[in-house]
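Worth saying up front: this structure is predicted, and the values here are computed from it rather than measured. In what follows, every heavy atom counts, from backbone to side chain, and hydrogens, waters and symmetry copies are set aside.
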Amino acid sequence: MLLEVKDLNIEFHDHLTPETVVYDFNLSLKEGEIVGIVGESGSGKTMSALAIAGLLNRKDMKKSGEILFDGKDLLTCKRSELRSYQGNDISMIFQEPMTSLNPVKKIGAQVEESLKIHTNLTKEERYQKAISILNDVEIKDPESVYHKYPHQLSGGMRQRVMIASAMILEPKILIADEPTTALDVTIQAQIIKLLKKLNKQKKTSILFISHDLSLVRTLCHRAIVMKQGYILEEGNIEEIFEHPKEAYTKQLIEAIPALEL
Amino acid sequence: MRYIGKKFVTMLITILLVSFFVFVAFAVIPGDPALSKLGTEATYEKLEALREEMGLNEPLLKRYGTWIVGFFTGDMGTSYSYDMPVKDMILDKLPITITLTVMSFLMIVAVSIPLGIYTAKHQGKAADKTIFVLNQIVMAIPPFFSGILITLLFGLVFKLFTPGGFVSYTKSIPDFLAYMVFPCIAVALPKIAMTVKLLRTSLVDESKKDYVRTAYSKGNDKNGVFFGHMLKNAMIPVITFLGMILADIAAGSIIIEQVFNIPGLGRILLTSISNRDYPVVQAIIVWLGIFVIVINFCVDLLYKVVDPRMR
Ligand SMILES: Nc1ncnc2c1ncn2[C@@H]1O[C@H](COP(=O)(O)OP(=O)(O)O)[C@@H](O)[C@H]1O
Ligand SMILES: [Mg+2]
């Protein structure tokens, strides 16, 4: 098993009374697998994902359970060890492509940043790799995009850039937190297709988070349904969509508009 | 490049406008310069002759034209009180005021930027809280008062410099600079406090932005995120502020020169105002205006360098 999360609990301690936002979260992710996490907004999807990516605040938060990657518990390992995985073995892309890139740094520098942190490649080698990954995410004219700034690109292009910078070291796990929510429908479909392709080509496992069940159905092998911090049910895509156990899951499925991707 | 050209032309026009308004302001101020120059010896004929000689009978626009051309070709007029060229009065004082301004500014930048970063990085810790309190106090002390305190403490108690013992840069540059350190500290202190506060706030605001999370997700450590990502973004408002500060300390040097007995531009400006020596006052004000305008021009250019969205 590539990644195993066991009994993850996440509590906020920034108020007088602590507030638990994720209860007993369990997840396993195999090599090359795409697992979806679905649930209405506020159900704890982002918090679980950030915990796995090691991006939750250290202050005002309490986490318990285990996040096992490579036999190491990411919740308790040394910070430097965690950093050696981040961007290298575990990458993440986010919901807001408009704000997730640094506005004052060139695209090229942001795409190859992980190489700078985790490898000893020369400038020229980094450039070559950046151009090649920009090609992989189907950006036309990567040489010119390399020298552009985020505000010069559309939302869809920026999300492609985010994917490129997350994928440049061919991580074992890509965590995608509602990567298409902020994009319009045609761009959405393209991004989903791209994620599918990268999963096939590079054997990257993907944790795909969405409140949109139709996207999860087209992309994922397995899915987890969350509600108010709890996992309601989980199973293969067919199981979940053909024979949902929970009334809540049925509701979610019925809410999918008839028009499918 | 086109942008720079456009900004440059705007800058020149602004300089001309400012100089024109200053000139008009002095032209309409009540009081006849010819009369005040002659004083009690004035007779009608003498007065008329002098007015003619000083060009006061010409139309305003023509007088402005002659003056501004002269101004930029090195003839800034003649002082009424000292009967010497304004240029000669100003020129050897200029290095003193420039030193005061530039040295204070460098102190502000050199101290406040590391300190701002430090407090932002140690947000909420004891050091941050201590600096916050110190900042609030220092910010509230005007330079003339801290100047008096500094004179008292470093001059009279610790004897690190001789109060009133100004040494001109023509005599000894090291002694001159050594004397200037203390007035510069007085000028810099409140501005340092303000800049630290602004940079800290700016960095803390940046730290909440999405791109910071992205930077951490790539395996950056705290320093990597601070220096590689947040600092440049956080500097954008600070650059504007530093530009305003530079203009402000140049104008504010007048007071601190009085406190520390420094014979700079401020000194001549004050005596010239009380003597109604308008050519001198006018020249100094226009020079200050030009300085402020040029600083703004530089800040605008620097903006473009730091923030690609402004290009
Ligand atoms: N600082 C906080 N203090 C307390 N609760 C929080 C805080 N931040 C987020 N939450 C709560 O955590 C829950 C889970 O949020 P999130 O994981 O972002 O949901 P999702 O991604 O599924 O929409 C939400 O109910 C949200 O209100
Ligand atoms: Mg979310």
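- Heavy-atom contacts from other residues, nucleotides or ligands closer than 6.0 Å to CG of B:Leu301 number more than 12.
- Around the OH atom of B:Tyr3, the shell of radius 6.0 Å holds more than 12 heavy atoms that belong to other residues, nucleotides or ligands.
- Taking every heavy atom of both residues into account, A:Leu55 and B:Arg213 meet most closely at CD2-O, 4.0 Å.
- Heavy atoms closer than 4.5 Å to chain B are found in the side chain of A:Leu50, but not in its backbone.
- Atom CD of A:Glu31 sits in a sparse spot, with 12 or fewer heavy atoms from other residues, nucleotides or ligands closer than 6.0 Å.
- Of the listed residues A:Gln152, A:His151, A:Met162, A:Lys59, the one with more heavy-atom pairs under 4.5 angstrom with chain B than any other is A:His151.
- Taking 4.5 Å as the heavy-atom cut-off, the residues of residues 93-111 of chain A that approach chain B are A:Phe94, A:Glu96, A:Thr99, A:Ser100, A:Leu101, A:Asn102, A:Pro103, A:Val104, A:Lys105, A:Gln110, ordered by number.
- Taking chain A as the reference chain and counting heavy-atom pairs below 4.5 Å, the highest number among B:Asp307, B:Val212, B:Asp210 is found for B:Asp210.
- Applying the 6.0 Å contact sphere to NZ of A:Lys62 captures no more than 12 heavy atoms from other residues, nucleotides or ligands.
- Within the 4.5 Å cutoff, the side chain of A:Arg79 has no heavy atoms near those of the B:Lys222 side chain.
- No more than 12 heavy-atom neighbours from other residues, nucleotides or ligands sit within 6.0 angstrom of CZ on B:Phe8.
- Shown here is B:Tyr118, whose OH atom has no more than 12 heavy atoms of other residues, nucleotides or ligands within 6.0 Å.
- Sparse packing is recorded around NZ of A:Lys129, with 12 or fewer heavy atoms of other residues, nucleotides or ligands lying under 6.0 Å away.
- The contact list for residues 128-136 of chain B toward chain A, using heavy atoms and a distance under 4.5 Å, is empty.
- In terms of heavy-atom proximity, B:Ser217 sits nearest to A:Met92 at OG-O, 4.2 Å.
- Shown here is A:Asn120, whose CG atom has no more than 12 heavy atoms of other residues, nucleotides or ligands within 6.0 Å.
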